[in-house]
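These values consider heavy atoms only, across backbone and side chains, with no hydrogens, waters or symmetry-generated copies. In what follows, chains carry the letters A, B, and so on, assigned in the order in which the sequence lines appear, proteins first and then strands, with residues in each chain numbered from 1.
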Amino acid sequence: MLVFGFWTTKICNTRNCFNKIVLIALFSLTFHCNGFASIVCPDLKKILTKFDSPSRWFMLGKKCKVPAGARERLKEAIAISEAMSEHAQKQAARYDLLLPEDAGFLEGDEDEDTNTISQADIADAVDITSGSKYFNLHLSQFGPYRLDYSRTGRNLLVGGKKGHVACIDWQTKDLKCEMNVMETVNDVKWLHTEAMFAVAQKRWLYIYDSKGVELHCVKKFNDVLRMQFLPYHFLLATASATGFLQYLDVSIGKEVAAICTKMGRLDVMAQNPHNAVIHLGHPNGTVSLWSPNQKESLVKMLCHRGAVRSLAVDKTGTYMVTSGLDRKLKVYDIRAFKPLHSCFLPAGASCLSLSQRGLLSAATGEIVQVYQNVLGSNPVSKPYMAHRLRGQIWGLAYCPFEDVLGIGHGEGFTSMIVPGAGEPNFDALDTNPYRSHKQRQEWEVKALLEKVQPELIGLDPGQLSKVDQASFEQRHKEQIEALGFDPLAKDKFKPRTKKKGRSSAGAIEKRKRKVAHEDQRDEIRQSVQERTEREKELKEKSNEKKLGNKSTLDRFRK
Amino acid sequence: TTADFAVKTHIWTDDWQVHHLIEGSDDERKHKKLLEAIGSMGGRKRKKQNERSEASVQVSEYFVNAEGTGDKVNLSDLLGTVEKTSGASNKTKKQLRNLQSSKETLELPLNKQQTEKVSAEFSVQLLVSCWKNIILQNQKAEQMVFPLNQESSGPKRVEQVVAGWKVQTPLEQEIFRLLHGSRQPVNDPVLTPVEEQSLKAMSLEEAKIRRAELQKARALQSYYEAKAKREKKIKSKKYHKVQNKAKRKDFLKQFDEMVKTNPEGALEELKKMELSRMEERMSLKHQNSGKWAKSKAIMAKYDDSARKAMQEQLQMNKDLTQKMVVPSDDEHESIEEGLETVPDFVNDPETVIDPVNPWMRGQLTHEEPEVSCVTAEEVQTAEEENEEEEIIGEFERKRKLRQVVEEDVVEVSDKEEEDEDEEEDVSEFNTLFRLMRSEKTREGSNQTRGGLNTAGEEDEEGLLSEGQIRVRSIEDLEVLDEVVEPRAIEEPSAPQTAAAEATSEPPHKKKREINLKEVLTKEAKAVRLPFLPTVVDEEERDEQISIIKEAFAGDDVISDFIKDKSRQEAAGRPAVVDLTLPGWGEWGGVGLKPPRWKRKRFRIKTAPPPPRQDQKLPDVIISEKRTASVASHQVSQLPFPFQNTAQFESSIRTPIGSTWNTQTVVKNMTKPKVVTKLGAIIEPMVKEDFIKSKTTALWLLEIGHKKFVFSVLGIVGLHVNSCAFCL
């Protein structure tokens, strides 16, 4: 068995300054068993290169080509902006030097499946600090439990069905507050900092501070079943049993939007971290996407033949994983809304969770299974890790920036070590697990200043950088009417007058014909060229296959 | 008597010509003159030069004579030998031949006034044009720092400090005289004064610039001359009339300005006007007394235009004879003052510093020794830049190397394999879709044929049962496990039959392309579990079954979804506006349908909307509503230089904020357009400011750090750009 955790050099991401570098080894060990040693898990490396190659990572949109007959000013404007964006990309790539950490991994011996390795073995193998990250909280009285980690990954919030709510600094096992709200607790959620959390109780939504003092009872939000917090918008999205999706702006304490979904009880909910769109799963097998700006769903997709049981969206907003009553697990590309692959889990998955590095954990009955390489087109065959618990699993969540999976179940809470789950490099100006009180305060002010307005939530997060086409066209039309000509139109071709009878009507017409539809011609020419090239390639390939890679003349080739 | 007069004059002229002739040859000369006089008596007067007939000590240039003088000299006479010489290149020979064959004569140069005028106009233009570039550059510059030529704040060299120091005491003066007189280096500098001067005089680049300027000037002047000549040649009276009128207007406009700026010139102009007035008063021009005027006077009775022409003439006369307003006395005074205050340097003799160096004669631009120091710094920074690049390159290399090593150690499944897998997946999906389409079309045809064709439906049911499973009840669901695997085996046969069906029955109506049911029943792979779940308790099982029952409460999820989607699509389609009036032009009543022609004419169909986004996604409904919430934050007008939205969008695609950028980039991107130094006096720009920067920029260009210049010296970089364009 080989376990590799990451030496987490806690460096801020690209934008950070040097003074905030904190060097901490999270858990650091290369453990060799039976004299077998290998260096890196191949699959993980693939993921790494896929997500982190600087060329893709730092690319910012498409380059703009300077049109042929452009004005000097336009040329300059484009050149300047291109130079600037290139400079920005280069600088960002240079700062990539400061992200040296690789993610951890787990590798079995020959003929040993990683999913047979028990948590106890792993905890024994790793160092004490890391080993202490595998622990159980036996809370059989008020279970089953829902849970939530704070954005920095330091604090854990657990809420038992029967009213038990506790928040813990899980690394030091320091209990911050514990109470019983004497009501059914449906869901718990941290707000923007670890100083406040929301609890969805039987009737209303309550907000407590970290000491357990009740701050608010929000009576506009009733029968809440699930909650999601959108950190950059300061919005708490709630889904209720009455079919309402509501948004609460926690910075000003106002309800931003209340949408009647007309889809019945809403107990499956996830957020897309990429564009802050809320995904809801419904009993009729559909998943609907919502923004606070539209009273109807943005997208509705039929995913399962039975009810949707659980949902998860990955960090980049590319993939969505769903599980339904038909006991299927499906992976969707939610940019194109197309299913990538599906697999059949005999027990069905009741809870799903995706880690920062794309590990999928699914709760099937009493077993938690962790899958690797689910996101992508190749279907999964066997789990990466598995862990059996006692009692129904009610909540699953990965801890950010740690190789830890938190499981809330009927018998309490279990923290499970999953090597390779957490992102090793974090952005200290955004989410710093090691921030001090002062830093947190500073961050809070800055985050509030940079708060994104709820109007900007939509399927395309880059909408703001686009020109508003509808009003642009309207304005353009008005301008044409006022001026009597189109100011943006291309100049019509005017043939020059020539002498000696070459400017006759026919000749002029001929010359006009020569340049007619020039732009279309360009496109056609290009497409034809591409096609011929493709055909040529295919032909060459087939020829090679036919000839068996070698011809008699090949020996003269260098 | 006429001959006598001719002789006399001739003698006189010759006398003037050969006033220093030697005394001895007097007789001979007289004789020749006589001969000449006789020769010239008949008809044309031909002047013949004296010939030298004997060798003498002093040879007058007037006696050098060539044979056949008076004849035209041909080019061939001068260069005829070139053809024969073997050394001359063929090219030159050819050129010469071409020259000979061309018959064109050179045009006469313009007269003095016109040349002066052209050159004056041109010089003004030159003055303005040299500023044009710098103004444009400053307008375009990303950042301007005022005052413009700030001295570097760092420590200075001793020579620079000493340069500003003046000698005061006589002893010092004496010492300096001694030192500078001998042209010896002071304070042990790198260069002697002579060398420095020569360096200062004019660098190669400056010389090049100067030469280019002169070339340009010459070329432009020749263009102007040619233009003036062309205009002069134009015979059209109307053209000249218009031209003159325009000129007059222009002149009047300028005159007012001239009074203020150049009183001397204005006075001269006034004098000219006075003269023209005199002439006008003297002459009978414009007084309707000429032949033309008389003829017009006859016509004036009947012809309006003639009358008008006459009146115009009179008006002209009036205008020209009007007395000019004499400028007041104080103006005269100011003019006199202006005359007095001619700058002193006019009288200064030209200081020739180094007789050997021809460049020294020109006015020197003050070049500080600072320049070299600055450049040295720049070179250093450039080197640093290079080092940084090298570091990055090294980092990249190392990373690649690491990757390669890792790949060698553990056999990573290649990317190509992955791609192939993807392709296979896609192709599988496509075949499924094709199959579905064919089925759907068949369904559509069935419907068109005759409502609910039960037999057809049964047939379809049979087919469906072959290819897929429908879950309608719990029993079905329970069986699902067993069915999953055999279905996978069966599947390959299904598409063939479907395809055959499709070919046999051509589709009549194009309907939905993809069958939903197929998409949902996509093959799922069963996952092997490490340890199977514990046996489910009976109670839990019952509970689960009840849940499932609830979930499938007697309805088909898929058909519901299809209905929902078709409803959405129908809502998006524009409605047909029916304007038919029942009973108009025909019998009306209950149960009567309006005739076809009426329906055709009065039912207005609007254009169909653009295709829906979810047109090709059977299991997805995408809302077509436009959200107006973002619109208020978006840009709705194209800013100036951009011609289309794509250009503008790509120009703002790079975020400026510190969340996405490094600190330096943020600073660079948000730097202010104008920076002024607190408390510093901002002087107006002088020519030396930009000329110097030009030269330094050029120097940097030559070194080959173009990129460096662009990135580091913001403004100077732009100067380089413009230099490259203008030179």
Can you name the side-chain hydrogen bond (donor to acceptor under 3.5 Å, both in side chains) partners of B/E649, sequence neighbours left out?
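By the side-chain hydrogen bond (donor to acceptor under 3.5 Å, both in side chains) rule, B/E649 matches no residue at all.
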
When only pairs under 4.5 Å are counted, which of [options] shares the most heavy-atom pairs with chain B?
| options | value |
| --- | --- |
| A/Q463, A/Q469, A/K75, A/H87 | A/Q463 |
| A/E473, A/K300, A/Q453, A/R73 | A/K300 |
| A/V299, A/I78, A/V467, A/L459 | A/V467 |

Let me know if [X] has heavy atoms under 4.5 Å from chain B in its side chain, its backbone, both or neither.
| X | result |
| --- | --- |
| A/T286 | side chain |
| A/L329 | neither |
| A/A83 | neither |
| A/E296 | side chain |
| A/Q91 | both |

Within this structure, what is the CZ-CG distance for the pair A/F337 and B/L617, rounded to the nearest 0.5 Å?
8.0 Å

Find the distance between OG1 (B/T654) and CD (A/Q89) and round it off to the nearest 0.5 Å.
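It is 6.5 Å, given to the nearest 0.5 Å.
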
Does A/E82 pair with B/R653 as a salt bridge, N-O distance under 4.0 Å?
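So A/E82 pairs with B/R653 through a salt bridge.
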
A/D468 and B/R626 ion-paired at < 4.0 Å:
yes

May I ask you to name which of [options] has the most heavy-atom pairs under 4.5 Å with chain A?
| options | result |
| --- | --- |
| B/I622, B/D614, B/T664 | B/I622 |
| B/S636, B/A646, B/A631 | B/S636 |
| B/I652, B/N644, B/V635, B/V666 | B/V635 |
| B/M669, B/E624, B/Q634 | B/Q634 |

What part of [X] lies closer than 4.5 angstrom to a heavy atom of chain A: side chain, backbone, both or neither?
| X | value |
| --- | --- |
| B/D564 | side chain |
| B/S632 | neither |
| B/F648 | side chain |

Counterpart residues, salt bridge (Lys or Arg N to Asp or Glu O under 4.0 Å), relative to A/E455 (two or more places apart):
none

In this structure, are over 12 heavy atoms from other groups packed under 6.0 Å from B/K673 atom NZ?
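It does: B/K673 NZ has more than 12 such atoms within range.
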
Donor-acceptor pair, distance only, cut-off 3.5 Å: does the side chain of [X] make one with the backbone of [Y]?
| X | Y | answer |
| --- | --- | --- |
| A/D326 | A/H304 | no |
| A/D333 | A/L340 | no |
| A/H341 | A/G376 | yes |

